[in-house]
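Keep in mind it's a predicted model, so treat the numbers as computed, not measured. Position 1 is the first residue of the sequence, and the numbers go up from there.
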Amino acid sequence: MNQIHPNRPSPLTFAAPDPAQPREADFDMSAMVRMVRRNARFIAAVTAILTVLALPFIIAIDPVYRAQARFLIHPTLSIDTTTEATAPDLSDEVERLRSRAIADQVITQFNLAALPAFNPQAKPPSALRRAYTGLKSALFGTSQTARPLGVQERVLASYYQHLSVWHETKSQVVQISFSAPDPKLAADVPNAMVGIYLKDREAKYQQRISGALELLDTQIAAQKTNVAQAATEVQTYQEESGVTSVGRAETLEQSRIVLVNEQLSDLQRQTSELRGKIRSVEAALAGQSGITQDEPEELSDLRKALQLRKRSLAQLTASYGEAYGGVLVERAHIAEIENSIRDELTSWAASMRAQLGQLEDEQATLTQSRDRLQGTLSKTSVAELKLINLIRRADAQRTILDGYEGQRRQLEARLSQPALDLEMIAPATPPLWPEGRGRKVYLIFTMLASGLFALTLAGARDLTDRTARSHVQFDDDPNLVAVGMLPAVARWGKAQGEDKHFKLALNSAIRTIAAQEGGTLPRSLMITPVQPHDGARFVGYRLARELVSSGQGVLLVDTVGPHEPWYLENLPAILHPDKSHSEIGPEGLAEHLREGRDLSELVDYVGAGGLRILHRGNGPLPPLEDAQAVRAILKYASTHRLMTIFICPPTLTSASTTRIASVMEQVLMVIRWGHSPQDAVRASAHHLQLAGVQHVLSILNRVDARRQALYPFGDGTAFAHAARADAW
């Protein structure tokens with residue numbers, strides 16, 4: 001019977017599940033949950049930052065009350081019963097309500113300039129506003145070119161922002177809406193606007209009608225003088241000439257002469273038009289002009305056909321040249337159409353000349369009739385004709401006077417009517433609740449929006465993540481052999497449980513490396529990172545100590561040396577001219593390659609075990625032209641029955657690394673989890689394969705076990721047993 005002992009790690013391990021392969025039409029909710037869990041800190045940080053940034057604006061939100069007044073504008077009754085009453089244009093009335101005159105009166109009546117909601121300068125600026133102004137002045141300076149707005153302009157702009165005036169479609173209802181921090185003020189402003197609007201409308205209406213009446217009175221007085229003068233002229237002429245009436249014969253003859261003159265004028269106009277058309281046709285026949293005025297439809301069709309033929313000829317000429325048969329045929333068609341146009345113009349000109357002859361004959365006949373009528377009219381008394389003209393002028397002046405007097409009577413009637421028939425449907429009342437939502441609701445909305453934005457960023461971050469996080473990502477490269485994953489270990493204050501898990505994973509990697517050689521450890525192993533800070537030196541030293549603890553002697557050749565702190569690595573050369581070798585360290589590989597010193601003098605013995613270290617040395621390492629120096633080190637290690645481990649720089653940055661790899665039995669590439677790009681991993685493996693390495697071993701370093709388990713990879717539960725053991 002199994003017993004569970006507390007505070008004791010369970011030896012049970014869990015096999016890695018098969019990688020999930022969802023279909024395209026499936027929505028993997030578990031993948032979404034895993035994505036949220038592995039980006040929980042990022043999502044929480046972005047949400048908190050955005051919420052904190054929005055918090056001052058949410059706190060600065062003041063409650064706003066909005067009141068609304070609705071009224072109906074009826075059509076004013078018309079004085080003239082023959083016409084229907086027309087409703088005023090509501091678009092014009094809305095613009096009158098929004099006019100500057102009404103706005104100034106409202107601002108003065110309610111003293112809006114003293115309210116901070118309409119005049120921000122009425123209250124001292126907040127600390128946030130002062131900080132923003134100071135920062136803006138420090139960054140961009142104080143601009144003196146822009147003229148600051150006056151108090152009235154600022155209040156007026158804020159007033160229009162709080163005001164809304166519109167009319168409903170298909171009705172005569174107009175609505176006024178106003179928002180203010182005080183509910184009573186929000187209701188008083190629309191009601192006051194309606195009263196001010198009616199007063200101004202009535203005053204302007206009375207002013208317009210009064211001005212029109214004054215103008216009409218002046219015109220009527222002048223017209224009465226004209227009427228009296230015309231009547232006096234008629235009476236004076238009758239007394240002087242003795243003619244008191246006008247016969248009908250003279251009037252009839254005069255009307256006939258007028259009719260004949262009108263007919264002659266019409267014939268002269270037609271004759272002039274025909275002669276102009278004939279000249280244009282003759283010019284067209286002579287080749288001096290193109291399209292003529294009012295040409296027949298057949299001629300227009302021929303011209304259109306000619307244009308089409310010319311375009312076709314241009315296309316054929318451009319495509320096949322002048323010698324092409326189709327070009328010659330097209331030219332023949334064009335010539336035929338041009339002849340037809342010329343014939344049509346000729347026949348049209350002949351018909352117009354015939355019409356011109358007929359018009360000239362009619363004109364001659366009418367001229368004879370006019371001469372005959374004028375002879376008859378000459379027999380009539382000249383005095384009667386003059387009397388007729390005087391009477392007509394007097395009647396015309398009387399008609400104008402009657403029109404002026406009728407207009408004045410209508411204006412006097414309209415003056416007694418109101419300018420506008422307005423019915424108040426719903427006056428504005430103080431609202432009970434502020435408009436919009438409270439600060440808590442805005443805070444909740446901000447947090448939700450920030451969370452959604454952070455979730456979107458996390459999804460985009462995962463989609464654009466091209467770093468190495470699993471050996472499954474490199475299954476397409478058969479020459480890249482996975483040997484294991486090393487969990488992340490704290491550099492300071494290491495926990496005993498973390499070091500134990502690291503040792504278990506390291507021993508598993510050692511067994512996998514030995515399995516590649518048939519169960520025995522290779523005599524030489526090179527450890528190289530993908531990038532400089534992937535932890536190859538750390539893995540090499542821990543691997544060497546683990547092998548020594550198991551009884552295997554190791555010669556560790558460190559060609560990299562310790563890394564300087566990041567704040568020294570990023571200093572410019574002028575401040576740190578010799579960053580890499582600012583301190584004198586133990587002698588080692590550099591002295592051996594430069595000076596040819598014996599390895600026995602340079603190898604450092606560490607403790608009583610079998611670990612020997614050949615440090616990097618001081619000064620720059622000379623480049624390796626061949627692998628003879630590496631073979632000498634391997635021979636030295638073989639003589640002392642030691643396994644050689646080389647710690648080398650990245651393959652992509654050092655040509656010496658590939659030369660060392662060419663004589664190694666095994667090459668271990670250290671990939672930093674979540675840091676090394678996949679493309680760089682494949683490129684490094686390709687360089688090593690070109691150097692003669694058949695199988696490149698790879699190990700993932702500094703793996704976050706809990707986050708790795710949230711990725712949809714087959715090795716996601718590599719440290720699940722360790723995590724469960726810690727949970728006890």
Side-chain angles (χ1 to χ4, degrees), residues 63-79 85-119 122 150-169 171-213 411 413-435:
V64 177
Y65 296 88
R66 180 173 291 274
Q68 180 176 318
R70 302 174 72 248
F71 56 90
L72 180 65
I73 298 179
H74 295 288
T76 306
L77 295 178
S78 178
I79 301 302
T86 58
D89 190 353
L90 293 186
S91 300
D92 297 339
E93 304 306 319
V94 168
E95 293 302 323
R96 288 191 177 97
L97 285 166
R98 290 179 54 87
S99 64
R100 175 68 181 269
I102 295 179
D104 291 338
Q105 294 182 54
V106 172
I107 292 172
T108 304
Q109 179 178 347
F110 294 97
N111 194 17
L112 299 183
L115 300 179
F118 298 91
N119 184 16
V151 175
Q152 188 68 15
E153 285 76 9
R154 287 196 302 271
V155 175
L156 188 65
S158 179
Y159 165 81
Y160 280 120
Q161 290 178 359
H162 291 75
L163 177 67
S164 297
V165 183
W166 71 96
H167 66 89
E168 296 182 359
T169 308
S171 70
Q172 298 298 115
V173 177
V174 179
Q175 300 187 26
I176 303 176
S177 176
F178 191 77
S179 60
D182 183 15
K184 186 176 183 303
L185 177 63
D188 290 343
V189 169
N191 295 331
M193 285 183 61
V194 175
I196 295 172
Y197 162 71
L198 283 176
K199 291 180 181 179
D200 288 356
R201 192 83 164 81
E202 187 67 28
K204 291 179 180 178
Y205 179 76
Q206 296 287 340
Q207 182 180 0
R208 287 178 56 200
I209 295 180
S210 299
L213 285 175
L411 287 177
R414 290 177 62 184
L415 189 61
S416 61
Q417 285 188 329
L420 201 66
D421 188 359
L422 187 144
E423 177 185 355
M424 200 71 179
I425 298 177
T429 56
L432 300 178
W433 296 280
E435 186 185 29

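Applying the side chain to side chain contact (heavy atoms under 4.5 Å, CB included) test to Thr429 and every residue at least two apart in sequence or in another chain returns nothing. Under the rule for a side chain to side chain contact (heavy atoms under 4.5 Å, CB included), the partners of Ala428 that lie at least two apart in sequence or sit in another chain are Ala67, Ala69, Ala187, Pro190, Asn191. With sequence neighbours left out, the side chain to side chain donor-acceptor pair (under 3.5 Å) criterion links Glu95 to no other residue. For Leu72, the side chain to side chain contact (heavy atoms under 4.5 Å, CB included) criterion is met by His74, Gln172, Val173, Glu423, Ile425, not counting sequence neighbours. When the side chain to side chain donor-acceptor pair (under 3.5 Å) test is applied to Tyr197, the partners found at least two apart in sequence or on another chain are Glu93. In this structure, Arg208 has no side chain to side chain donor-acceptor pair (under 3.5 Å) partners at least two apart in sequence or on a different chain. Residues satisfying the salt bridge (Lys or Arg N to Asp or Glu O under 4.0 Å) criterion with Arg98, sequence neighbours excluded, are absent altogether.
With values rounded to the nearest 0.5 angstrom, Leu112 atom CG is found 6.0 Å from Leu185 atom CG. With values rounded to the nearest 0.5 angstrom, Lys199 atom NZ is found 12.0 Å from Ile102 atom CD1. For the atom pair CD (Gln175) and CH2 (Trp166), the distance works out to 4.5 Å, reported to the nearest 0.5 Å.
Taking every heavy atom of both residues into account, Val155 and Ala113 meet most closely at CG2-CA, 3.7 Å. For Ser171 against Leu90, the heavy-atom pair with the smallest separation is O-CD1, 3.3 Å. A pairwise comparison of heavy atoms in Leu411 and Leu213 identifies CB-CD2, 3.5 Å as the closest pair.
Within the structure, side-chain hydrogen bond (donor to acceptor under 3.5 Å, both in side chains) pairs that include any residue of residues 105-118 comprise Gln105-Asp200 (at least two apart or interchain). For residues 183-196, the salt bridge (charged side-chain N to carboxylate O under 4.0 Å, His left out) pairs, not counting sequence neighbours, are Lys184-Asp188. Applying the salt bridge (charged side-chain N to carboxylate O under 4.0 Å, His left out) test to residues at least two apart or on different chains, the pairs with a partner in residues 99-108 are Arg100-Asp104. Screening residues 93-118 for ring-ring contact (aromatic ring centres under 6.0 Å, His included), with sequence neighbours left out, gives Phe118-His162, Phe118-Phe178.
In this structure, Pro63 and Trp433 have side chains that are not in contact, with every pair of non-hydrogen atoms separated by 4.5 Å or more. Contact check for His167 versus Ile73: no side-chain heavy atoms found under the 4.5 Å cut-off. Residues Val194 and Leu422 form a side-chain contact, since some pair of their non-hydrogen atoms from C-beta on lies under 4.5 Å apart.
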Ile176/Val189 under side chain to side chain contact (heavy atoms under 4.5 Å, CB included): CA gap, chis, key distance, verdict: CA-CA 9 Å; Ile176 303 176; Val189 169; over 6 Å; no
